[in-house]
Amino acid sequence: MKEKELRIALVCYGGVSLAVYMHGVTKEILKLIRASRVYHHDLARSHRTSATYSDLEHDGRETDTEEIYFELIQAIGETLELRVFVDTIAGASAGGISGVLLARALAHDLPMDPLRKMWLEQADIVALMDEHHLAGRWDKLFMKPLFWGITEKWLAKYAPDMEMRQKLQLFTRSRWFEPPFSGEIMSGMLLDACLAMGEPNPANASLLPTGHRLDLIVSVTDFHGYSQNIPLHDPVSIREREHRHTLKFSYFQQSGGAMLSDFDTAHVPGLVFAARATSCFPGAFPPARIGEIDALLKERNVAWPTRDEFLRSNFKPLIAAGSDPVKASFIDGSVLNNKPFGEAISAIRGRPAYREVDRRMIYIDPDPKGGRAEAGGAAPGFFQAIRGALSDIPRNQPVRDELEALHDFSERVRRYRQIVAATRPHVRTRITELFNGNGEVLPGAEELAKLRNNANAQAAVEAGYAYDAYIQLKVASVLDQITNIIADLSEAVNHPSDKLALSRAVESWAKDTRIFPVQWLAGAGGNAEPSKEDAWVRFLREFDVSFRVRRLRFVIRRLNELYQDIETNDEGSLHSDALDEFKASLYRILDRMQSETASRLRTDEIRRICKSIYDDGVAEPHEIDAFTIHVAPVLDLVGLDRDADAHFAEMAATTLPFGIRAELVQAYVGFPFFDVLTLPLNKWQDLDDVDTVQVDRISPEDARSIREGGAPATLMGRDLGYFAAFFSRRARENDYLWGRLHAAERLVDIVTSSAPVAIKKSGIDLVQLKARLFRSILKTEKQHLDHVPELFADLERELNIRFGEEEAPAGEAVPAAENGETSKTLSRKA
């Protein structure tokens with residue numbers, strides 16, 4: 001059966017108290033991902049059509065919509081095996097908190113239900129304010145008549161909730177000219193929330209498929225910044241202060257079972273700092289500092305065994321600039337990077353494609369219109385202009401540039417696919433010639449190696465002078481990789497200027513050894529071919545990992561395209577299973593090619609050599625030569641080639657139709673012909689392994705099944721400068737519930753758009769499926785959200801109007817509204 005992956009790159013950005021809404025959205029995303037994981041991981045394919053989610057859920061978790069998402073994926077699974085998972089999260093400000101907590105839940109299959117307490121009970125100004133800052137009974141009494149009298153009209157408009165008014169009055173009477181909220185309390189809340197999620201059981205549990213990496217990128221702003229050298233022509237360099245900063249965390253489980261995680265308990269303090277720093281709204285919280293986390297951990301008697309690793313890996317530029325990250329002060333990530341699309345786009349490039357991929361970038365935008373006045377309104381006043389310039393405008397700057405760049409990238413991927421498809425008949429003819437006219441021969445391992453070498457030589461001859469540009473680019477890319485390896489393993493290379501100097505040293509070494517520029521030209525008759533004795537040929541044979549990786553990914557891409565041909569065969573299911581096995585085998589080779597080469601480089605001896613290259617601030621060509629002489633036999637790429645050839649030849653003798661096996665062999669052998677054409681086009685990016693990226697949004701504007709009107713008709717936390725939910729438990733409950741409802745609707749839209757044919761064949765009623773999701777959410781949350789009874793009454797009434805009456809079990813009645821004031825009215829008042 002055809003397989004497909006729906007991969008999600010999630011972008012969460014600022015919204016102050018609308019973070020409560022984002023929590024509802026991310027919680028629903030987790031439920032969808034878990035339903036997909038249970039369907040594919042816990043069930044044999046033969047049992048998937050009959051099992052239910054409740055048959056598999058035995059750990060006592062709070063479940064509701066997971067079962068309905070399971071049924072949706074099960075219905076799609078009748079014709080398409082669709083896997084859904086998140087592998088990239090980029091967060092800033094309030095969205096950064098949601099990103100951190102969701103990433104921890106995804107990495108280790110942890111529940112988010114314990115977080116309800118933090119968002120609904122503790123995300124309140126009274127809970128967040130230090131008791132020494134709170135107004136006492138007699139503090140600023142003169143403010144009471146001023147507040148309740150002069151501002152009565154304003155209060156009626158922006159704070160209709162009595163709790164909101166009382167806490168706003170308390171807030172205005174509390175300590176002035178200092179941050180009102182406590183950083184220590186906020187850090188403590190985040191630490192409690194992370195620890196309350198627990199630890200995975202079993203220890204290696206995860207919602208990420210084996211072999212997939214989860215990346216979390218959190219943007220923060222270094223208040224004081226750090227100096228960096230920027231190379232120029234005249235002067236040679238200048239010094240500028242850099243304030244943008246990102247904190248990165250990852251999870252990866254190798255096929256052998258080894259797990260690398262930045263989301264386990266040992267790394268929780270680092271996650272807490274990231275969440276605290278990225279959401280440090282200027283003026284509301286004091287700047288975040290490492291010392292604050294240290295003091296909190298000491299008070300709680302909590303260990304931070306990965307502290308040094310966290311500082312070393314996340315603050316390299318600061319350390320290189322002579323700054324101490326422990327003494328640095330960080331404020332809200334939204335100040336300079338509120339919408340971190342660029343980080344998410346960078347993270348998803350080069351991800352392996354295990355099967356056909358539908359790549360989606362989903363961003364959560366609680367209030368797309370931003371509550372700003374339309375153009376042509378009254379001129380802004382003095383304070384309004386200052387606030388807009390410093391806060392509102394940067395926070396609401398559109399993401400057009402990032403999304404246009406993403407669109408251009410997707411177009412290049414699409415063109416690449418077209419070029420490969422158009423070139424395939426020509427390459428097939430050339431490969432047939434290599435096979436002495438019999439293109440369907442299935443060679444053994446030794447013959448496969450000879451054919452690969454012949455294909456390399458033939459591609460060089462046929463490409464003529466175009467091959468010269470290709471090989472220069474190919475060698476240059478490997479030289480760049482060597483520069484990156486040395487820079488990564490050396491603690492002395494951090495500044496861009498340092499890396500530039502190292503790159504120049506590597507180029508000088510390559511010139512001295514006649515590796516680059518490549519001294520090769522096709523003869524007048526176009527029949528010259530590279531010699532095995534050429535220095536650049538030996539260099540590529542010993543160091544060009546990327547070419548090997550591109551070749552395997554290219555074969556996997558071709559294998560994915562062949563699924564459709566198999567499904568039309570009478571023995572399609574049997575052949576599909578064989579193709580699955582072939583693909584899994586290819587990925588084992590690819591995983592070994594990537595993981596082994598990386599692990600072989602991370603030895604103490606190679607680290608010592610890398611550190612010595614730039615320890616005096618100058619890299620000499622003879623030091624680069626010593627590095628390559630030592631590393632080449634350690635990598636042993638020629639040995640890995642032999643193993644790959646043997647494994648590929650063995651897999652080619654499977655039960656697959658002969659023509660398909662021959663097609664895969666031809667793709668493996670003939671890759672040099674394609675690479676000559678496409679590498680210059682790709683600019684050595686892994687376009688073969690990246691699919692076009694489509695962008696989806698989750699916001700009140702897009703989820704209209706229950707109620708029209710967007711954020712103004714649904715969310716209460718958007719008022720008081722987006723701080724309203726911090727002043728009202730009712731507002732928090734309102735926004736959290738709407739977050740889950742809106743996410744449920746949009747996730748169904750996104751999943752079904754990824755499998756339109758399967759949805760059509762399944763005959764599933766998507767309208768009623770959404771209604772079941774909505775009612776399931778209301779049933780679960782009603783027992784926890786006791787401050788918004790009117791909202792539940794109103795929603796149940798609207799669901800009955802839009803989707804029809806729910807069939808209540810015997811002896812039960814569908815709840816009716818308790819009074820005439822609906823949640824729609826409440827939301828509009830707020």
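In this text the structure is predicted, and so the values were computed from the model without any measurement.
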For the backbone of [Y] and the side chain of [X], can you confirm whether one donor and one acceptor N or O come within less than 3.5 Å of each other?
| X | Y | result |
| --- | --- | --- |
| Ser329 | Pro287 | no |
| Ser313 | Glu309 | yes |
| Thr483 | Leu479 | yes |
| Arg7 | Val357 | no |
| His243 | Thr221 | no |
| Arg34 | Leu207 | no |
| Ser754 | Val751 | no |

For the [atom1] atom of [X] and the [atom2] atom of [Y], what is their distance to the nearest 0.5 Å?
| X | Y | atom1 | atom2 | answer |
| --- | --- | --- | --- | --- |
| Ile606 | Ser490 | CD1 | OG | 13.5 Å |
| Ile364 | Thr26 | CD1 | OG1 | 6.0 Å |
| Thr423 | Leu677 | OG1 | CG | 5.0 Å |
| Arg307 | Ile290 | CZ | CD1 | 7.0 Å |
| Ile362 | Gln694 | CD1 | CD | 11.0 Å |
| Cys610 | Ile486 | SG | CD1 | 5.5 Å |

### Task
Apply the test side chain to side chain contact (heavy atoms under 4.5 Å, CB included) to residues Phe539 and Val478: give CA-CA distance (whole Å), side-chain angles for both, the deciding distance (0.1 Å), then the verdict.
CA-CA 9 Å; Phe539 174 68; Val478 180; 3.6 Å; yes
### Task
Could you tell me whether Arg602 and Asp488 have a side-chain N and a carboxylate O separated by less than 4.0 Å?
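Looking at Asp488 together with Arg602, the answer is yes, because their closest N to O distance falls below 4.0 Å.
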### Query
Thinking salt bridges, do Arg550 and Asp675 make one under a 4.0 Å N-O criterion?
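Looking at Arg550 and Asp675, the cut-off is met.
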Parallel, tilted or perpendicular: ring planes of [X] versus [Y], cut at 30 and 60 degrees:
| X | Y | result |
| --- | --- | --- |
| Tyr363 | Phe341 | perpendicular |
| Phe310 | Phe273 | perpendicular |
| Phe671 | Phe554 | tilted |

### side-chain hydrogen bond (donor to acceptor under 3.5 Å, both in side chains) between Gln472 and Tyr470, intermediate numbers included
CA-CA 6 Å; Gln472 305 291 350; Tyr470 162 74; over 6 Å; no
With a 4.5 Å cut-off on side-chain heavy atoms, are [Y] and [X] touching?
| X | Y | result |
| --- | --- | --- |
| Leu640 | Arg600 | yes |
| Lys248 | Asp215 | no |
| Leu30 | Val86 | no |
| Glu507 | Ser503 | yes |
| Arg104 | Cys194 | yes |

Between [X] and [Y]: side-chain donor-acceptor atoms closer than 3.5 Å:
| X | Y | answer |
| --- | --- | --- |
| Arg360 | Ser753 | yes |
| Glu343 | Ser219 | no |
| Ser36 | Arg83 | no |
| Asp365 | Ser699 | no |
| Ser250 | Arg213 | no |

### Task
Give the intermediate values and the outcome of ring pair (Phe, Tyr, Trp, His ring centres under 6.0 Å) for residues His108 and Tyr251.
CA-CA 9 Å; His108 295 293; Tyr251 169 91; 5.6 Å; yes
### Query
Phe281 and Phe285: aromatic ring centres closer than 6.0 Å?
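When the ring centroids of Phe281 and Phe285 are compared, they turn out to be at least 6.0 Å apart.
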#### Entry: Verdict with supporting geometry, Leu216 and Val218, side chain to side chain contact (heavy atoms under 4.5 Å, CB included)
CA-CA 7 Å; Leu216 168 68; Val218 180; 3.9 Å; yes
Identify the two heavy atoms, one from [X] and one from [Y], that lie closest to each other, and give their separation to 0.1 Å.
| X | Y | result |
| --- | --- | --- |
| His245 | Asn314 | NE2-O, 2.8 Å |
| Met112 | Lys27 | SD-CA, 3.9 Å |
| Ser261 | His267 | O-CE1, 3.1 Å |
| Phe330 | Cys280 | O-SG, 3.9 Å |
| Val545 | Met593 | CG1-O, 4.4 Å |
| Leu637 | Asp544 | CD1-N, 3.7 Å |

### Task
Verify side chain to side chain contact (heavy atoms under 4.5 Å, CB included) between Leu679 and Lys474, making sure each step is shown before the conclusion.
CA-CA 8 Å; Leu679 185 65; Lys474 189 177 181 183; 4.0 Å; yes
### Task
Check the pair Asp332, Ser93 against side-chain hydrogen bond (donor to acceptor under 3.5 Å, both in side chains), reporting the backbone distance first and the verdict last.
CA-CA 6 Å; Asp332 201 304; Ser93 192; 2.9 Å; yes
### Message
Could you go through Phe252 and His212, starting from their C-alpha distance and side-chain angles, then the distance that decides it, and tell me whether this counts as ring pair (Phe, Tyr, Trp, His ring centres under 6.0 Å)?
### Response
CA-CA 6 Å; Phe252 182 75; His212 281 282; 8.8 Å; no
### Message
Pair Leu106, Ile89 - check side chain to side chain contact (heavy atoms under 4.5 Å, CB included), show working.
### Response
CA-CA 11 Å; Leu106 292 169; Ile89 302 174; 4.0 Å; yes
### Query
Passes side-chain hydrogen bond (donor to acceptor under 3.5 Å, both in side chains), Asp367 versus Tyr722? Steps please.
CA-CA 10 Å; Asp367 190 16; Tyr722 294 98; 2.7 Å; yes
### Query
More than 12 non-hydrogen atoms from neighbouring residues, nucleotides or ligands closer than 6.0 Å to CZ on Arg244, yes or no?
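Incorrect, the count does not exceed 12.
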